[in-house]
Amino acid sequence: MSGTTMIVLIVFISVGSGVIYDMYKKHLEFKHKMQNNNTDANKQLDAVNAEVRALKERVQTLEAIVTDSSFSVKQEINRL
């Protein structure tokens with residue numbers, strides 16, 4: 001192998017390993033960002049689920065009030 005070929009080969013190896021290292025760092029940054037996004041999404045999902053549970057309880061309470069027999073009697077009295 002000639003001296004010029006060795007120099008070119010060393011340059012390619014150096015540049016290639018630098019590019020691979022940079023790609024690996026970018027991959028780790030992307031992975032970290034995705035984990036943070038998943039954490040935020042889980043927090044939002046928990047908040048939405050809690051709100052849905054609270055709304056379901058309110059609807060059940062309203063259904064109990066409306067289906068109560070004394071409620072319909074009160075409405076009839078008010079109509080008179």
Side-chain angles (χ1 to χ4, degrees):
M1 207 188 289
S2 69
T4 309
T5 307
M6 282 185 72
I7 292 174
V8 170
L9 187 61
I10 290 171
V11 169
F12 278 138
I13 290 172
S14 299
V15 170
S17 63
V19 168
I20 290 171
Y21 177 72
D22 192 46
M23 287 173 55
Y24 180 70
K25 282 188 349 183
K26 295 289 183 184
H27 171 71
L28 290 179
E29 289 173 9
F30 176 75
K31 191 174 179 181
H32 181 68
K33 285 180 184 178
M34 291 303 292
Q35 286 176 344
N36 287 342
N37 287 343
N38 286 343
T39 302
D40 292 342
N42 286 340
K43 287 179 184 176
Q44 289 176 349
L45 181 62
D46 291 341
V48 169
N49 284 338
E51 186 175 357
V52 167
R53 270 187 250 111
L55 290 172
K56 283 183 179 180
E57 289 175 8
R58 290 180 67 187
V59 167
Q60 287 176 349
T61 302
L62 291 172
E63 286 175 346
I65 291 171
V66 170
T67 57
D68 188 20
S69 62
S70 65
F71 180 77
S72 61
V73 171
K74 287 179 188 177
Q75 282 185 330
E76 289 178 22
I77 292 172
N78 286 338
R79 268 191 255 142
L80 296 174

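Nothing here was measured: the structure is a model prediction, and the numbers come from that model.
Residue Thr39 holds its OG1 atom at 11.0 Å from CE of Met34, rounded to the nearest 0.5 Å. Put simply, CG on Asn37 and CG on Asn42 are 11.0 Å apart, with the number rounded to the nearest 0.5 Å.
Leu55 belongs to no hydrophobic cluster, as no Ile, Leu, Val, Met, Phe, Trp or Tyr side chain comes under 4.5 Å of its own.
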Exercise answer: donor-acceptor pairs, residues 2-12 side-chain atoms, under 3.5 Å, sequence neighbours excluded:
{"from": "Ser2", "atom 1": "OG", "to": "Thr5", "atom 2": "N", "distance (Å)": "3.4"}
{"from": "Ser2", "atom 1": "OG", "to": "Thr5", "atom 2": "OG1", "distance (Å)": "2.9"}

Cut-off 3.5 Å, no hydrogens considered: what does the side-chain donor-acceptor table look like for residues 18-32, sequence neighbours left out?
{"from": "His32", "atom 1": "NE2", "to": "Asn36", "atom 2": "ND2", "distance (Å)": "3.4"}

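Residue pairs satisfying the side chain to side chain donor-acceptor pair (under 3.5 Å) criterion with at least one member in residues 50-60, sequence neighbours excluded, are absent.
Under the side-chain hydrogen bond (donor to acceptor under 3.5 Å, both in side chains) criterion, Ser14 pairs with no residue at all, not counting sequence neighbours.
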